[in-house]
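Everything numeric here is computed off the predicted structure, so don't read it as measured data. The chain is numbered in sequence order, starting from 1.
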Amino acid sequence: MTTITILYFAALREALGTERETVELPAQVGNAGQLRDWLRARGDVWAAALAPERAVRVAVDQAMAGPDTPLRPGAEVAFFPPVTGG
């Protein structure tokens, strides 16, 4: 199994009630998009916070990532809302 660390920032941290977790991924979760789907399957606040229509950015090992970005053992994955400036 692949073990990764997931970080949640800003409104996601508030909605999910956690800022960090370490998880063992099932075999079918090999990229960032599959991870988001797997987390959303937890239901309730997870399904709402990570819903497909929600603007959520992801970074893998501190580099912006897309849904097809692979996850390696020990990866750090961060989920965060888009940053706006003014």
Side-chain angles (χ1 to χ4, degrees):
M1 283 201 152
T2 298
T3 301
I4 64 167
T5 300
I6 307 172
L7 307 174
Y8 305 99
F9 291 93
L12 287 173
R13 179 183 58 228
E14 300 301 319
L16 301 174
T18 188
E19 65 181 35
R20 165 190 298 260
E21 66 178 312
T22 300
V23 298
E24 288 189 13
L25 299 177
Q28 73 269 19
V29 178
N31 64 41
Q34 292 166 339
L35 174 61
R36 184 174 175 174
D37 292 342
W38 181 70
L39 292 169
R40 205 170 50 242
R42 291 176 169 177
D44 299 325
V45 296
W46 295 90
L50 297 170
E53 64 273 8
R54 298 285 306 259
V56 175
R57 303 269 195 244
V58 64
V60 176
D61 294 326
Q62 300 182 6
M64 292 302 295
D68 295 330
T69 301
L71 302 176
R72 62 165 185 77
E76 178 186 83
V77 180
F79 288 99
F80 51 96
V83 177
T84 59

Under 3.5 Å donor-acceptor pairs involving side-chain atoms of residues 68-76, not counting sequence neighbours:
from	atom 1	to	atom 2	distance (Å)
T69	OG1	G66	N	3.0
T69	OG1	G66	O	3.1
R72	NE	D61	OD2	3.2
R72	NH2	D61	OD1	3.4
R72	NH2	D61	OD2	3.3

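- Across Y8 and R13, no two heavy atoms sit closer than the pair O-CB, 3.5 Å.
- Residues F79 and M64 are members of separate hydrophobic clusters, defined by side-chain heavy-atom contacts under 4.5 angstrom among Ile, Leu, Val, Met, Phe, Trp and Tyr.
- Side-chain atoms of R36 do not come within 3.5 Å of backbone N or O of P67 as any donor-acceptor pair.
- Closest heavy-atom contact between W46 and L39: CB-O, 3.4 Å.
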For I4 and L35, what are the C-alpha separation, side-chain angles and deciding distance, and is it a side-chain contact (heavy atoms from CB on, under 4.5 Å)? CA-CA 10 Å; I4 64 167; L35 174 61; 3.8 Å; yes
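- Note on V23: it clusters hydrophobically with L50, by side-chain heavy-atom contacts below 4.5 Å among ILVMFWY residues.
- Cluster annotation: V77 and W38 are assigned to the same hydrophobic cluster (Ile/Leu/Val/Met/Phe/Trp/Tyr, side-chain heavy-atom contacts under 4.5 Å, transitive).
- For the pair R40 and A51, the tightest heavy-atom approach, listed with the atom from each and the gap, is CD-CA, 3.6 Å.
- Across every non-hydrogen atom of A55 and P82, the tightest pair is O-CD, 3.2 Å.
- Pairing each heavy atom of A49 with each of L12, the nearest pair is O-CD2, 3.6 Å.
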Would V29 and D37 satisfy side-chain contact (heavy atoms from CB on, under 4.5 Å), going step by step from the backbone distance to the final call? CA-CA 9 Å; V29 178; D37 292 342; over 6 Å; no
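- A 6.0 Å sphere centred on CZ of R42 holds more than 12 heavy atoms belonging to other residues, nucleotides or ligands.
- Other residues, nucleotides and ligands contribute more than 12 heavy atoms inside 6.0 Å of the CD atom of Q28.
- Under a cut-off of 6.0 angstrom, the local environment of CD in E21 is crowded, with over 12 non-hydrogen atoms contributed by other residues, nucleotides or ligands.
- In this structure, F9 CZ and E14 CD are separated by 12.5 Å, a value rounded to the nearest 0.5 Å.
- Criterion: ILVMFWY side-chain heavy atoms under 4.5 Å apart, direct or through other members. Under it, F80 and I6 are not part of a common hydrophobic cluster.
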